[in-house]
Amino acid sequence: ALPNTGTLVNGDQVIAKVNIAADAAGGIDWSKIVFTVNKTGPVILGAVASDWKLKLDGTEITGSISTSSNLALAATLTGTVTFIPSAIQQIGAGSSKTYELWTSISGAATDESVTTKIASGATAHAQSTASSSVAGSPSFVWSDASYNTTAHSATTPDWNNDWLIKNLPTNSQTSSL
């Protein structure tokens with residue numbers, strides 16, 4: 001659940017939360033996550049790049065965020081927000097972490113809403129030679145560090161797209177006014 005109980009307000013706000021879990025058999029790493037965003041009206045999201053943040057336990061994760069379209073324009077109603085962390089994010093075996101996508105919101109008016117989710121991007125498995133070269137338009141890039149558990153990195157060939165990941169696409173989360 002979103003911390004603001006789904007109420008759209010002007011100012012900095014969480015518009016998506018996602019819990020990423022590893023099963024007890026082993027941990028996972030991830031290096032990319034893509035959120036799909038839909039607006040029902042001219043609400044302005046993230047007027048500048050620094051208005052977008054991905055946080056873990058209230059702390060901003062260093063990385064790059066880009067949008068597929070200018071969600072700050074009132075006329076732009078759909079787009080994606082892609083986050084690539086500066087350092088690989090690790091989830092230990094049998095544990096989970098909850099990440100929040102924050103943005104600056106302005107121009108929110110009655111009967112407007114913002115809906116986010118993580119879609120399924122890939123239509124088939126496509127293993128890569130590095131986390132940055134995973135094919136298939138993935139919405140989530142991850143690894144189980146199976147290639148070399150002692151020397152796993154962003155350039156080992158054990159990175160995968162989002163094909164057949166449990167619970168993708170995620171449920172939609174909506175904030176409305």
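What you see is a predicted model, and the numbers here were worked out from it, not measured in a lab.
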| Would V37 and V114 satisfy side chain to side chain contact (heavy atoms under 4.5 Å, CB included), going step by step from the backbone distance to the final call? | CA-CA 7 Å; V37 179; V114 174; 4.0 Å; yes

Side-chain donor or acceptor of [X] paired with backbone N/O of [Y] under 3.5 Å:
X   : Y    : value
T36 : I118 : no
Q13 : T7   : yes
Q89 : S31  : no

| message | Could you go through K39 and L45, starting from their C-alpha distance and side-chain angles, then the distance that decides it, and tell me whether this counts as side chain to side chain contact (heavy atoms under 4.5 Å, CB included)? | response | CA-CA 9 Å; K39 305 184 306 182; L45 303 178; 3.7 Å; yes

State whether a side-chain donor-acceptor pair under 3.5 Å links [X] with [Y].
X    : Y    : answer
N10  : S106 : no
D158 : S143 : yes
T76  : S69  : no
T155 : S153 : yes
T98  : N19  : yes
S68  : T80  : yes
D144 : S146 : yes
S86  : T62  : no

Applying a strict under-4.5 Å side-chain criterion to I, L, V, M, F, W and Y, I'd like to know whether [X] and [Y] cluster together.
X    : Y    : answer
V43  : L73  : no
L54  : I84  : no
F35  : L168 : yes
W159 : F83  : no
W52  : I61  : yes

As an exercise, state the distance from [atom1] of [X] to [atom2] of [Y], rounded to the nearest 0.5 Å.
X    : Y    : atom1 : atom2 : answer
D51  : S104 : CG    : OG    : 4.5 Å
N70  : T67  : CG    : OG1   : 6.0 Å
K17  : L101 : NZ    : CG    : 12.5 Å
N161 : F140 : CG    : CZ    : 11.5 Å
I28  : D23  : CD1   : CG    : 9.0 Å
Y99  : I20  : OH    : CD1   : 5.5 Å

Closest contact, heavy atoms only, [X] versus [Y]:
X    : Y    : value
D29  : I88  : CB-CG2, 3.3 Å
T103 : G46  : OG1-N, 3.1 Å
T82  : K32  : CG2-CE, 3.9 Å
A22  : G92  : CB-O, 3.5 Å
E112 : G107 : OE1-O, 3.4 Å
I15  : T116 : O-OG1, 2.7 Å

| task | Please tell me if the side chains of W30 and P85 come closer than 4.5 Å, counting only heavy atoms from C-beta onward. | result | yes

| Given side chains that start at C-beta, do those of W142 and V134 come closer than 4.5 Å, heavy atoms only? | no

| said: Could you go through S139 and D162, starting from their C-alpha distance and side-chain angles, then the distance that decides it, and tell me whether this counts as side-chain hydrogen bond (donor to acceptor under 3.5 Å, both in side chains)? | reply: CA-CA 6 Å; S139 60; D162 57 16; 2.6 Å; yes

| request: Test side-chain hydrogen bond (donor to acceptor under 3.5 Å, both in side chains) on S113 and T40 and set out the steps. | output: CA-CA 5 Å; S113 65; T40 60; 3.3 Å; yes

| request: Start with the C-alpha gap between I105 and V9, add the side-chain angles, then the distance that decides, and say whether side chain to side chain contact (heavy atoms under 4.5 Å, CB included) holds. | output: CA-CA 7 Å; I105 297 174; V9 296; over 6 Å; no

| Please walk me through it: do I91 and K97 pass side chain to side chain contact (heavy atoms under 4.5 Å, CB included)? | CA-CA 7 Å; I91 314 288; K97 294 182 180 179; 3.6 Å; yes

| Within 45° cone and under 6.0 Å: K53 NZ/CZ vs W102 ring | no

